[in-house]
Amino acid sequence: MEVCHHEQQAETIVLTEDGMNLTAFWSRLLCGCGTDGRFEPIFVMENIIPLFDNTFNYRIVEKSEWRWSLCEAAFYIPMTNEIVIRSDVYEGALNGVAMDVITVAHEVVHCIQSIIMRFLNAIKCVDFKTEFCRADSEEMAHHENQTEKITSLLFCPERLVQGKSDDEIIQQYFITPLMQFVFGLIKMAGRELMEALDDITIEREVERCAV
């Protein structure tokens, strides 16, 4: 279950424990599962992710044409935003074979994380893809571990709300991310404003030197 071949990742994609819970919670909401519905990775891959990300694609490769290791049944390519799945694993997931369902789910979660993180950080898709493949192997390992944890939470949603009051759920999963999103927008707007001011300063300096 590789993230990407010959590429690296950055700190942007390494989440805290709360961040993983938040990602899993909102992933279930966006996928139409709520807090008690069944998570169906094939359905999400084919019908839900494209609604939120029109750059996403998936490809099913016949087993006889599979040129990667047979131990690697599926993987996600961040720079092209594509999931590649071996045909027998895809068919197995469709038929409810547990190991194949989990394999596909892991790659689907990679895509879902990109959507959630772009929302929380108010960043563009291309920024996430760049950050996704920029860090070292240790961060890659952290991201793989968190993807496994988020995947398990999607299949066991009761762990997301267990022991929490309604107020705690609202604070953790709604108020906090909304504030983070607003802060991200303000930060992005401030950055763009500073860049615009820099451009104006450069233009004025060029005009002054031309006089």
Working to the nearest 0.5 Å, report the span between CG of Leu70 and NZ of Lys63. 6.5 Å
Non-hydrogen atoms of Cys111 and Phe56 that approach each other most closely: SG-CE1, 3.4 Å
Note: Ile85 and Trp66 closest approach over all heavy atoms is C-CZ3, 3.7 Å
Where Pro41 and Val108 come nearest, the two heavy atoms and their spacing: O-CG2, 3.7 Å
Measuring from Glu17:CD to Gln146:CD, what's the distance to the nearest 0.5 Å? 10.0 Å
Please check this pair: side chain of Arg28 against backbone of Leu154, looking for a donor-acceptor N/O pair closer than 3.5 Å. yes
Could you grab the distance from atom CD of Glu107 to atom CE of Met45, nearest 0.5 Å is fine? 10.5 Å
Leu51 and Asn47 have their tightest heavy-atom pair at CG-O, 3.3 Å
Step by step, work out the side-chain contact (heavy atoms from CB on, under 4.5 Å) result for Ile48 and Phe43. CA-CA 7 Å; Ile48 303 299; Phe43 177 81; 3.9 Å; yes
Could you go step by step and tell me if Ile83 and His110 meet the side-chain contact (heavy atoms from CB on, under 4.5 Å) rule? CA-CA 9 Å; Ile83 292 177; His110 279 307; over 6 Å; no
Leu160 vs Tyr173, test: side-chain contact (heavy atoms from CB on, under 4.5 Å). Steps then yes/no. CA-CA 10 Å; Leu160 293 170; Tyr173 295 133; 3.9 Å; yes
Within 6.0 Å of CD in Glu62, more than 12 heavy atoms from elsewhere: no
Heavy atoms only: give me the nearest Val101-Ala93 pair and the separation to one decimal. CG2-O, 3.7 Å
Main-chain N/O of Gln171 paired to Thr176 side chain as donor or acceptor, under 3.5 Å: yes
Of the non-hydrogen atoms in Phe39 and Ala105, which two are nearest, and what is the gap between them? CE2-CB, 4.1 Å
Separation between CD of Glu82 and CG of Asn57, rounded to the nearest 0.5 Å: 5.0 Å
First locate atom CG of Asp18, then atom OG1 of Thr23, and finally report the distance between them rounded to the nearest 0.5 Å. 10.5 Å
Among His106, His142, Gln113, find the one that has a side chain to side chain donor-acceptor pair (under 3.5 Å) with Thr147. Gln113
Using 30° and 60° as the class limits, which term best fits the ring planes of Phe25 and Phe174: parallel, tilted or perpendicular? perpendicular
Quick check: are there more than 12 heavy atoms from other residues, nucleotides or ligands sitting under 6.0 Å from CG of Asp166? no
